[in-house]
Amino acid sequence: MEREMVIVLDFGGQYNQLIARRVRECNVYCEVHPYNISMEKIKELQPKGIIFTGGPNSVYGEDSAVCGKEIFELGIPILGICYGSQLIAHLLGGSVTTAPVSEYGRTEVKVNTAAVLFQGVSETTVCWMSHTDYIEKAPEGFRITAHTPVCPVAGMECPEKGLYAVQFHPEVMHTVEGMTMLRNFVMDICGCSGSWKMDSFVETTIRTIREKVGNGKVLCALSGGVDSSVAAVLLAKAVGRQLTCVFVDHGLLRKNEGDEVEAVFGPEGPYDLNFIRVNAQERFYGRLAGITEPEQKRKIIGEEFIRVFEEEAKKIGAVDFLVQGTIYPDVIESGLGKSATIKSHHNVGGLPDYVDFKEIIEPLRMLFKDEVRKAGLELGIPAHLVFRQPFPGPGLGIRIIGEVTEEKVHIVQDADFIYREEIAKAGIDKALGQYFAALTNMRSVGVMGDERTYDYAIALRAVCTSDFMTADCAEIPWEVLSKAANRIVNEVKGVNRVLYDCTSKPPGTIEFE
């Protein structure tokens, strides 16, 4: 069966992969390509639809990202979003200028429900706006299909040419009926059947990796977390014994996790992998001594990871490829393209300038966390591994505020173990996106056994999220928090206070660092 595809052309917006993810939620395969992709390549891909993303520039500026007008002659339906909508108007003779009033955030938009893009959408719907420019006048042949009090062309269409545009972002969750709009474009306008599933991604990726690697040797950075585990099994199915998985126990793992990872992926586990465990706890503690700045800690841990891999690769001999479980939120937060850098992930922005491998393979780079889990299930990985709690590559090094010491690691390991145990006992673990304990750098006075104490405060964190790009603070039942707090104070030496972090993402990040 022919694979249907929609392609997203990236003009520098933050949400390019989120658009692709929404299309894949319609069970249609989607890839992101640069805005200056050649017409020959587009014809080769044979997409059933094209989506222009948002972008940070003005379409009439000197640094604007502009594609050729010949794209409109291909006969392929095109949807322009935000900057993409303005680009369509600009290239086809409309007028784009600085808006008298900029719009940001949730905005009520009036739409024409007779337009195909807005079928099934409320006449007044809440959408997410983010623009300083606007379409002042639609090009000839276009009909205005949506507007706000200050944005005369919030939507426009020219069905005869297969061109559609919206000033807002239908791909974000804040646009209440955005998925309906995108589904209308993908299914009704582009004529896709929605037959693509995650197993198609797995099959295609295995085939692509096999062709890329050939007879080469591959080293996989296995942390035991969800992402690296899925990447490891994916590579094992692609190249078998050409793969060696190196598990670095840097002493910053959760309680008992090193032994648990070895039990799953080691010689006694269910997978036919070459497995090496490197116990490098003292090495990492030494590098982190005296370091308090979180970004610096991330980079140190990331570089040390790579150096350990290089050393193990030399022992194996002639390793060509390094595999990492990078996923899309890692890429975005590390400042891919024109996105702002939020934090350097050890497997993206934390890489040193020089890496002694022919190439780095990141098979999950364009997937969100829930898509990674689906891929894991398709690969036959047990559900209890696929749905285990996410864990950052730098480990507890970033869940310890301030300097990392062996003593602090043991404190946060024990507190985190108790917290996770109480969450599981309460039966609320599967409803949470992520939950963990972190060690603050704050010490305060307490009283235990009629004696004064001066010990650390533990911060508990729990969020609800599906894609890990945004997250809401979870409302944990008080009896669960209370029991966890009492156990932590009583059972963990060095702690006399427990706090709960009520911050959502944004403005915070999911991790506590």
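Everything quoted here is computed from the prediction, not taken from an experiment.
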Pairs satisfying ring pair (Phe, Tyr, Trp, His ring centres under 6.0 Å), at least one member in residues 230-279, at least two apart: His250-Phe284, His250-Phe305, Phe265-Tyr271

Test log, rule side-chain hydrogen bond (donor to acceptor under 3.5 Å, both in side chains), inputs Ser228 and Gln324: CA-CA 6 Å; Ser228 69; Gln324 296 191 131; over 6 Å; no

Atom pair [atom1] ([X]) and [atom2] ([Y]), whose distance is rounded to the nearest 0.5 Å:
X	Y	atom1	atom2	value
Tyr15	Cys82	OH	SG	9.5 Å
Ile291	Gln296	CD1	CD	4.0 Å
Trp478	Tyr500	CH2	OH	11.5 Å
Leu243	Cys220	CG	SG	6.0 Å
Asn16	His33	CG	NE2	12.0 Å
Thr244	Asn274	OG1	CG	4.0 Å

Side-chain contact test, heavy atoms from C-beta onward, threshold under 4.5 Å: evaluate it for [X] versus [Y] and give yes or no.
X	Y	result
Leu219	Val323	no
Val226	Ile327	no
Leu385	Ser229	no
Phe391	Glu257	yes
Leu252	Leu288	yes
Ile316	Ile276	yes
Leu460	Leu499	no
Leu117	Leu79	yes

Just jot down the side-chain contact (heavy atoms from CB on, under 4.5 Å) partners of [X], sequence neighbours excluded, or say none.
X	value
Asn496	Ser444, Met448, Thr453, Asp455
Pro47	Ile7, Ile42, Leu45, Ile50, Ile76
Ser200	Trp196
Thr208	Thr204

Residues 232-239, side-chain donor-acceptor partners within the protein, below 3.5 Å, at least two apart:
none

Identify the heavy atoms of [X] and [Y] that sit nearest to each other, and give their distance.
X	Y	value
Cys192	Val6	SG-CG2, 4.3 Å
Ile510	Lys505	CG1-CD, 3.8 Å
Arg24	Cys30	NH1-O, 3.5 Å
Pro170	Thr175	CA-CG2, 3.9 Å
Leu439	Ile411	CD1-CG2, 4.0 Å
Ala437	Ile458	CB-CG2, 4.1 Å

Flag if over 12 foreign heavy atoms under 6.0 Å of NZ, Lys483: no

Over 12 foreign heavy atoms within 6.0 Å of CG, Asn490: yes

Any donor and acceptor pair, going by atom type alone, linking the side chain of [X] with main-chain N or O of [Y] inside 3.5 Å?
X	Y	answer
Thr440	Ala457	yes
Asn184	Gln119	yes
Gln242	Gly216	yes
Arg22	Glu171	yes
Thr405	Lys408	yes

Within residues 275-288 or reaching into it, pairs that qualify as salt bridge (charged side-chain N to carboxylate O under 4.0 Å, His left out) - sequence neighbours excluded: Asp249-Arg277, Asp259-Arg277, Glu262-Arg277, Arg283-Glu304, Arg283-Glu311, Arg287-Glu304

Selection residues 203-218 - residue pairs positive for salt bridge (charged side-chain N to carboxylate O under 4.0 Å, His left out), sequence neighbours left out: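 Of all non-adjacent pairs touching residues 203-218, those that pass salt bridge (charged side-chain N to carboxylate O under 4.0 Å, His left out) are Lys212-Glu359.
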
Single hit among Glu25, Met198, Met366 for side chain to side chain contact (heavy atoms under 4.5 Å, CB included) with Glu371: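 The side chain to side chain contact (heavy atoms under 4.5 Å, CB included) with Glu371 is passed solely by Met198 among Glu25, Met198, Met366.
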
Residues Arg298, Ile398; criterion side chain to side chain contact (heavy atoms under 4.5 Å, CB included); working and verdict: CA-CA 7 Å; Arg298 280 181 174 272; Ile398 59 169; 3.0 Å; yes

Val463/Asp472 under side chain to side chain contact (heavy atoms under 4.5 Å, CB included): CA gap, chis, key distance, verdict: CA-CA 5 Å; Val463 298; Asp472 291 322; over 6 Å; no

Ionic contact status for Asp227 with Lys369, cut-off 4.0 Å: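 A salt bridge links Lys369 with Asp227.
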
Steps toward side chain to side chain contact (heavy atoms under 4.5 Å, CB included) verdict (Thr53, Val32): CA-CA 10 Å; Thr53 73; Val32 178; 5.9 Å; no

Between Thr292 and Glu403, a side-chain donor and acceptor under 3.5 Å: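 Side-chain D/A pair, Thr292 to Glu403: absent.
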
Polar side chain donor-acceptor pair, Ser193 to Glu4, under 3.5 angstrom: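 Checked: Ser193/Glu4 side chains pair up, N/O donor to acceptor below 3.5 Å.
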
Evaluation steps, side chain to side chain contact (heavy atoms under 4.5 Å, CB included), between Val489 and Val498: CA-CA 7 Å; Val489 170; Val498 177; 3.9 Å; yes

Phe368 six-ring face occupied by Arg21 cation (under 6.0 Å, within 45°):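 Yes, Arg21 lies over the aromatic ring of Phe368.
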
By salt bridge (charged side-chain N to carboxylate O under 4.0 Å, His left out) - contacts of Arg497 (at least two apart):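 None.
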
Pairs involving residues 410-436, ordered by first then second residue, that meet side chain to side chain donor-acceptor pair (under 3.5 Å) (sequence neighbours left out): Lys255-Asp414, His410-Gln413, Asp416-Arg420, Glu421-Arg487, Glu422-Arg487, Gln434-Glu511

All side chain to side chain donor-acceptor pair (under 3.5 Å) counterparts of Tyr285, not counting sequence neighbours: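 Tyr285 satisfies side chain to side chain donor-acceptor pair (under 3.5 Å) with no other residue.
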
Side chain to side chain donor-acceptor pair (under 3.5 Å) involving Glu312 - partner list, sequence neighbours excluded: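 Partners of Glu312 under the side chain to side chain donor-acceptor pair (under 3.5 Å) test: Lys315.
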
